[in-house]
Amino acid sequence: MATRLSGVARAFGDRVVLDSIDLELRDGEFTALLGRSGSGKSTLLRALAGLDDEVTGTIEVTDSVAVAFQEPRLVPWKRLLANITLGLDAPVSKAKEALAEVGLTERAGAWPLTLSGGEAQRASLARALVREPELLLLDEPFSALDALTRITIHHLVLELWARHRPAVLLVTHDVDEALLLADRVLVLDEGRIAHDIPITTDRPRHREDPDLVALRTTLLAALGVSPEGRS
Amino acid sequence: MSVVELARPVEKARATPKAPRRRVTAWHRWLSPLALLVVWQLASATGLLPERLLAAPATIAATAVDLTQAGTLPTAVGVSLQRVLIGFAVGGTIGVLLAVVAGLSRAGENAVDPIMQMLRALPFFGLIPLFILWFGIGEEPKILLVALAVSFPLYLNTFSGIRGVDGKLAEVAKTLRLSRGRLIRHIVLPGALPQTLVGLRQALGVAWLALIVAEQVNATTGLGYMINDAREFLRTDVIVVGLLVYSALGLATDSLVRLLERRALAWRRGFLA
Ligand SMILES: Nc1ncnc2c1ncn2[C@@H]1O[C@H](COP(=O)(O)OP(=O)(O)O)[C@@H](O)[C@H]1O
Ligand SMILES: [Mg+2]
């Protein structure tokens with residue numbers, strides 16, 4: 001079931017963060033949501049995740065949603081495997097498979113506080129994917145990782161997406177991340193979807209690809225930044 | 001409490017291979033108590049410290065052996081321990097349940113918290129006369145006094161523990177579609193547990209205190225009765241034995257909670273170390 005938003009709005013006091021969002025996320029599509037810090041990306045994602053009761057407008061969304069947040073948000077008093085199985089109806093073998101998919105089989109019995117940032121983030125991804133969601137919401141889950149770990153996780157996410165085919169909404173402020181991963185890039189500005197740009201370049205993609213270089217300039221301009229710095 | 005604190009450097013000294021100086025220091029710590037014991041014994045032997053004020057250490061030790069062999073002491077300990085355990089179980093359950101009710105909703109808080117805050121302000125030892133009027137001088141007033149004393153620290157700590165649970169985890173629970181029951185069981189209660197355990201230790205302290213007071217005022221069995229009875233016959237040796245047993249029991253239950261703490265909070269250990 002596709003996700004449809006129309007006239008979605010949200011204000012905090014007098015401050016209008018989402019003005020009027022009209023948007024459709026198609027099944028199996030990988031969408032990146034770009035926007036400056038404070039532009040309302042997380043607000044929109046939380047609305048989709050059903051975490052915001054005060055949002056107005058119409059949101060049609062499947063019940064099968066999973067979320068990975070910026071911080072991994074693992075439950076610290078549950079060992080890794082128990083974190084994955086929390087609230088899961090599927091058998092434990094499923095959870096073990098999910099851990100294997102993100103390369104954490106050996107850490108199944110570890111306490112979350114003993115994991116590295118990258119491991120915890122992969123675990124959080126496994127916890128979301130094991131639910132086989134139709135819609136996967138990712139709120140800047142890679143922004144706190146070091147550059148090398150981030151590259152590895154990008155590959156992992158693409159691989160998992162190709163295998164399970166959920167619709168993905170990846171919130172990010174990193175233009176390159178959006179260009180490398182997504183089928184489609186949205187730019188959120190002034191509470192509206194200001195740009196909606198498809199990316200048709202084949203995967204695996206390279207940063208130097210001329211199409212992507214051109215798109216990068218466009219997107220940076222849309223975000224109010226020239227490639228050399230703020231314009 | 002301080003005795004347990006003192007035990008720490010000794011453990012450390014044993015764990016680290018090259019700490020000879022610390023081991024000497026640890027041994028030194030026993031010197032002054034021993035000296036005090038010697039002075040005490042001498043004072044008693046020379047008649048400087050009359051027996052009706054305080055018995056000699058040797059007499060106290062002998063009395064402890066006698067009381068144990070005669071079965072008086074074990075029986076008294078058994079009775080007192082039973083009162084504490086039952087009172088603790090009743091008060092603890094009530095305290096935690098009320099904290100869950102108050103912690104999970106504003107309505108619950110409004111219903112429970114004002115009453116608990118008002119009751120807390122009562123000097124509960126002052127309730128003993130009322131308790132005797134209401135419940136007579138059987139087991140009930142003693143157990144209930146312990147229960148009452150125990151329920152407050154557990155209520156207050158569990159309540160603040162529940163309120164302190166990370167809201168971000170509650171959101172995770174929502175996105176994982178946990179039922180309310182599972183939310184309470186997997187997120188709320190374990191999240192409040194560190195604070196509840198703090199309450200548990202405070203509760204144990206007041207439990208013994210409440211029992212001592214209750215047993216002094218009215219009892220025909222138990223440690224407090226043994227002590228009170230000894231006072232009638234100026235048996236200061238029996239009184240001191242009773243006091244020592246009280247503190248030993250207090251320390252024993254405290255270390256039981258520490259053990260529980262270490263097991264239940266294992267998930268934090270790696271990160272605190
Ligand atoms: N719970 C809240 N209360 C008040 N203001 C909020 C709240 N959540 C977000 N905001 C405000 O809404 C704006 C958008 O926030 P957010 O969606 O988190 O931005 P971002 O695009 O960086 O994810 C920010 O100005 C933020 O301060
Ligand atoms: Mg954000």
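So that the names make sense, note that chain A is the first sequence line, chain B the second, and so on, each numbered from 1.
The parts of B:Ile187 that come within reach of chain A are both its backbone and its side chain, each placing non-hydrogen atoms under 4.5 angstrom from that chain. For chain B, no part of A:Arg79 is nearby; none of its heavy atoms comes within less than 4.5 Å. Only the side chain of B:Leu169 comes within contact range of chain A, with at least one heavy atom under 4.5 Å from a heavy atom of that chain. Interface residue A:Arg131: only side-chain heavy atoms are found under 4.5 Å from chain B. Of the atoms belonging to A:Leu74, it is backbone heavy atoms, and not side-chain ones, that fall under 4.5 Å from chain B. Heavy-atom distances place both the backbone and the side chain of B:Lys168 under 4.5 Å from chain A.
A:Arg163 forms no cation-pi arrangement with A:Trp161, by the criterion of a distance under 6.0 Å to the ring centre and an angle within 45° of the ring axis.
A salt bridge is defined here as a Lys NZ or Arg NE, NH1 or NH2 lying under 4.0 Å from an Asp or Glu carboxylate O, and A:Arg46 with A:Asp52 fails to meet this definition. For B:Glu109 and B:Arg106, the salt-bridge test passes: some basic side-chain N is under 4.0 Å from an acidic carboxylate O.
Of the N and O atoms on the side chains of A:Asp139 and A:Ser42, at least one donor lies less than 3.5 Å from an acceptor on the other residue.
Atom CG of A:Asn83 and atom NE2 of B:His186 lie 11.0 Å apart (nearest 0.5 Å).
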